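Below is one structure; the comments refer to it alone.
The structure displayed is predicted, hence computed values, not measured ones. Atoms considered below: every heavy atom in the structure, side chains included; atoms not considered: hydrogens, waters and symmetry mates.
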Amino acid sequence: MLRKIVRKLKRRKASSNASGPIVRDELEFSIDKPVQITEDRIIIQKEKISESLPVLNEIAGKMEEHIPHRKITQLNWNGPIMEIEGYFYLENVSMKNEDLVKKRLILLSTSGLKVSIPLQDVLVKEIKTNDSIDNKYSWAGFRSKVNFATITSHNRPLPEEDYRLFLELEVHVLGDKVYKKSFPLGNIEHFLDNGFHSAKMEYFTAKKEMKYNLLATYDLPLKTLKITSSKLKDLDPSVMGLDADLKQRGVVYRVVYKWCFSLTYKLCKLLPLQTRKIIFASDSRSEMSGNFQFVYDELLRRNLNYDYHLLLKKGVDEKKNYREIFSLAYHLATAKFIILDDFYPMIYPLTIRKNAELIQLWHAVGAFKTFGFSRLGRPGGPSPKSKNHRNYTKAIVSSHNVAKHYAEGFGIDIENVIPTGIPRTDVFFDKDYQEEVRNNLYEEFPFLKGKKVITFAPTFRGNGQMSAHYPMEVLNLEKLYNELKDEYVFLFKIHPFVKNEFSIPYQFSDFFYDFSSYREINDLLFITDILITDYSSVCFEYALLNKPMIFFAYDVEEYVRTRDFYYDYHSFIPGPLAKTTERMIDIIQKEDFKMEKIEPFVKYFFDDLDGKATERVVDQLIINNFNELT
């Protein structure tokens, strides 16, 4: 019996060892392990000599009549992104037909993991080289941009290994003959600053947060590039989130938070409805601002005899104490008007009492990327049984054209979606306010004077707050600095959910400035000359100023596939699309902003352009509703 157990344990250990380093990232790469490659030798298992020959041929190149010619003409780095360019051809093998030529970049790890990356075939005359190359090798050129931070099939970083890089060429000729050759990159050491390049690679999901270090060096024995991926961090952020904190607080707190709160609410609904009580409740701000501030100020301006209660928290992960939990249940159960401005999870399981109003002053304007129940069945989308948003009695939108999208996203009847306009957009029609904001900003940040201002305000990547991130490596800071520093300053306004680290290199600190902690982005728009965004709703507000904007959507195909939009992206955006830093710079320098798209965009997404949205919200959703009741 004992022997059987030992044998089973050995088999299980052998199985885990065999699959461990390879299966862990659901790779779609071709995987071979006939050889072991170390710093100065190649180890071949005796029983795998025959299957090792192809790999050896790839590494050293089998001696034959066709001599390989290859050269790396450019190799540049921007964080974990490598741009490579060069040529590769076999002597006396014609390469005049692009369709018959394939080139790949091969990464071969010390454990035998093989990563194959297709290269873009280009005409050799387009390659920056002084070498004389015969016309029959016209398609010998190649170039590619490789992001090692998103290289796997699930957009994860390059798995933890040591890799050597090789070029692979495949040429088809008449008679169905195929020539295939792999060769090291050659001496590329001069492309590495001080002999190496390093960068961070990060990956975020709701249950996975990983950080890697990428190191590129020159492998002298093999005369090629060596890439080392080292894992620095691997944790589950959910263990540090709301549910984890609830568990750490003990059984009593969990019972109060989930059950006593609901029971208290039901009991308090037996009390009389306080028809003059108005609650402003938010789990995303600790002070009055945005739509809240505009509606609240308008109510105060009218000297109405209402009883106001401000129940504000900085975020859903900022915990409520016992007193706050019971107080919230009491106020929600007895208030005539409950006003929200964002996601508020504690309220969704509740049944709003008769004659009470749960009003959503959603923070976004217009309708762009799909949200809420419009994302049913998609990654990060809600469950069909979810109660989130469904109990709103009223929600506001900027235009009747988008009411159907908000009704679908919130899971409510379209009759309850009211096109009043968005209160915080009223300032776009208040010239005095705009002038005051500009003067205050110039006084606080004098470096904004005398230069044109570019504001970079993208949305986050990921399926929600737990996985929110933005891959800053997609921006080439050095190119932006060199091309635009004389005329512009560049402000970063990164989404507050984004948690991956970002710091501005000191050598660019007179051009780039981080304004991410500045609360109201609308104020920044008044001193902005060019807005760069992607899928953020900030484009709606900025369009009201009739100023140029660029849509830097480097991943638009992936975003359409996984997130989708209410409108066709290309026809929707009121400005040019840029997928690269180079294209962005080109648009700015040529002033090719497609300004003609802004006016029809504004007319479609805004019913009223009078700066009176706040008044309509107060009149239609509160005053008229109160008068009907009385």
Side-chain angles (χ1 to χ4, degrees), residues 21-22 27 29-45 48 52-63 67-89 103-119 129 142-149 151-152 157-169 180-201 212-232:
I22 297 300
L27 299 176
F29 309 137
S30 56
I31 298 172
D32 300 296
K33 290 191 64 177
V35 300
Q36 295 278 336
I37 305 171
T38 66
E39 291 291 337
D40 57 355
R41 65 187 64 189
I42 299 174
I43 303 171
I44 306 172
Q45 297 182 32
K48 293 188 176 182
S52 300
L53 291 177
V55 177
L56 294 177
N57 287 337
E58 288 182 1
I59 296 172
K62 183 179 178 182
M63 294 299 294
I67 301 173
H69 296 266
R70 57 91 179 91
K71 185 177 183 180
I72 304 299
T73 57
Q74 287 193 75
L75 198 155
N76 303 312
W77 290 93
N78 179 34
I81 298 177
M82 181 185 74
E83 294 183 70
I84 188 170
E85 181 181 277
Y87 63 81
F88 190 11
Y89 65 91
K103 304 185 196 75
R104 304 176 187 89
L105 189 65
I106 303 297
L107 281 69
L108 195 61
S109 79
T110 53
S111 68
L113 177 62
K114 180 182 176 182
V115 181
S116 179
I117 304 168
L119 296 173
T129 179
F142 65 84
R143 66 167 59 101
S144 183
K145 182 182 289 187
V146 182
N147 189 345
F148 291 104
I151 196 171
T152 75
L158 186 68
E160 187 176 22
E161 293 265 10
D162 286 336
Y163 301 85
R164 273 73 174 180
L165 273 65
F166 303 90
L167 292 173
E168 181 179 86
L169 172 65
K180 188 174 182 180
K181 173 76 73 172
S182 294
F183 224 64
L185 301 188
N187 189 347
I188 47 79
E189 189 172 15
H190 58 286
F191 289 114
L192 299 171
D193 188 18
N194 295 316
F196 74 97
H197 172 79
S198 65
K200 294 290 186 291
M201 303 185 295
Y212 290 76
N213 187 63
L214 179 137
L215 179 66
T217 56
Y218 177 57
D219 187 310
L220 179 60
L222 284 177
K223 291 188 180 297
T224 193
L225 186 67
K226 176 183 176 182
I227 300 288
T228 300
S229 175
S230 307
K231 188 182 290 185
L232 303 177

side-chain contact (heavy atoms from CB on, under 4.5 Å) between Leu167 and Leu105: does it pass, once the steps are laid out? CA-CA 5 Å; Leu167 292 173; Leu105 189 65; 4.0 Å; yes

Non-neighbouring partners of Asn78 that pass side-chain contact (heavy atoms from CB on, under 4.5 Å), sequence neighbours left out: Asn476

Are the side chains of Phe142 and Ile72 in touch, meaning some heavy atoms are under 4.5 Å apart? yes

Donor-acceptor pair, Arg70 side chain versus Ser182 backbone, under 3.5 Å? no

Check: Gly195 main-chain N/O paired with His190 side-chain donor or acceptor under 3.5 Å: no

Output the distance between atom CG (Leu165) and atom CD1 (Ile188), rounded to the nearest 0.5 Å. 8.5 Å

Salt bridge (Lys or Arg N to Asp or Glu O under 4.0 Å) partners of residues 182-192, not counting sequence neighbours, each pair once: none

Separation of Phe191 CZ from Leu225 CG (nearest 0.5 Å): 11.0 Å

What is the ring orientation for His69 with Tyr89, classed by angle as parallel under 30°, tilted 30 to 60°, or perpendicular over 60°? parallel

Which atom names give the shortest non-hydrogen contact between Pro157 and Thr152, and what distance separates them? O-CG2, 3.5 Å

Reported CG-to-CG distance for the pair Leu108 and Leu113, which is rounded to 0.5 angstrom: 8.0 Å

Checking Lys223 against Tyr218 for the side-chain contact (heavy atoms from CB on, under 4.5 Å) test, could you report, in this order, the C-alpha distance in whole Å, the side-chain angles of both residues, the deciding distance, and whether it holds? CA-CA 7 Å; Lys223 291 188 180 297; Tyr218 177 57; 3.5 Å; yes

For Asp162 and Lys226: C-alpha separation, side-chain torsions, deciding distance, then whether side-chain contact (heavy atoms from CB on, under 4.5 Å) applies. CA-CA 7 Å; Asp162 286 336; Lys226 176 183 176 182; 4.1 Å; yes

Nearest heavy atoms of Leu185 and Phe166, plus distance in Å: CD2-C, 4.2 Å

Is there a side-chain contact between Glu168 and Lys180, using heavy atoms and a 4.5 Å cut-off? yes

Just by distance, do the side chain of Ser144 and the backbone of Ile84 share a donor-acceptor pair under 3.5 Å? no

Look only at the side chain of Ser109 and the backbone of Glu161, and say whether a donor-acceptor pair between them is shorter than 3.5 Å. no

One should read off an interatomic distance between Asp193 CG and Asn76 CG, to the nearest 0.5 angstrom, of 11.5 Å

Atom NE2 of His197 and atom OG1 of Thr217: how far apart are they, to the nearest 0.5 Å? 12.0 Å

Please determine whether side-chain contact (heavy atoms from CB on, under 4.5 Å) holds for the pair Leu158 and Tyr212, giving the CA-CA distance in whole Å, both sets of side-chain angles, and the decisive distance to 0.1 Å. CA-CA 9 Å; Leu158 186 68; Tyr212 290 76; over 6 Å; no

Is the shortest side-chain heavy-atom distance between Leu214 and Ser229 below 4.5 Å? no

Determine the minimum heavy-atom distance between Ala199 and Pro80, stating which atoms define it. CB-N, 3.6 Å

Report yes if the side chains of Leu192 and Trp77 come closer than 4.5 Å at any heavy-atom pair, otherwise no. yes

Determine whether Leu107 and Phe148 make a side-chain contact, defined as any pair of heavy atoms from C-beta on separated by less than 4.5 Å. yes

Work out which heavy atom in Glu160 is nearest to a heavy atom in Lys231; give both atom names and the distance. OE2-N, 3.3 Å

Between the CG atom in Asp219 and the CZ atom in Arg164, the distance rounded to the nearest 0.5 Å is 4.5 Å

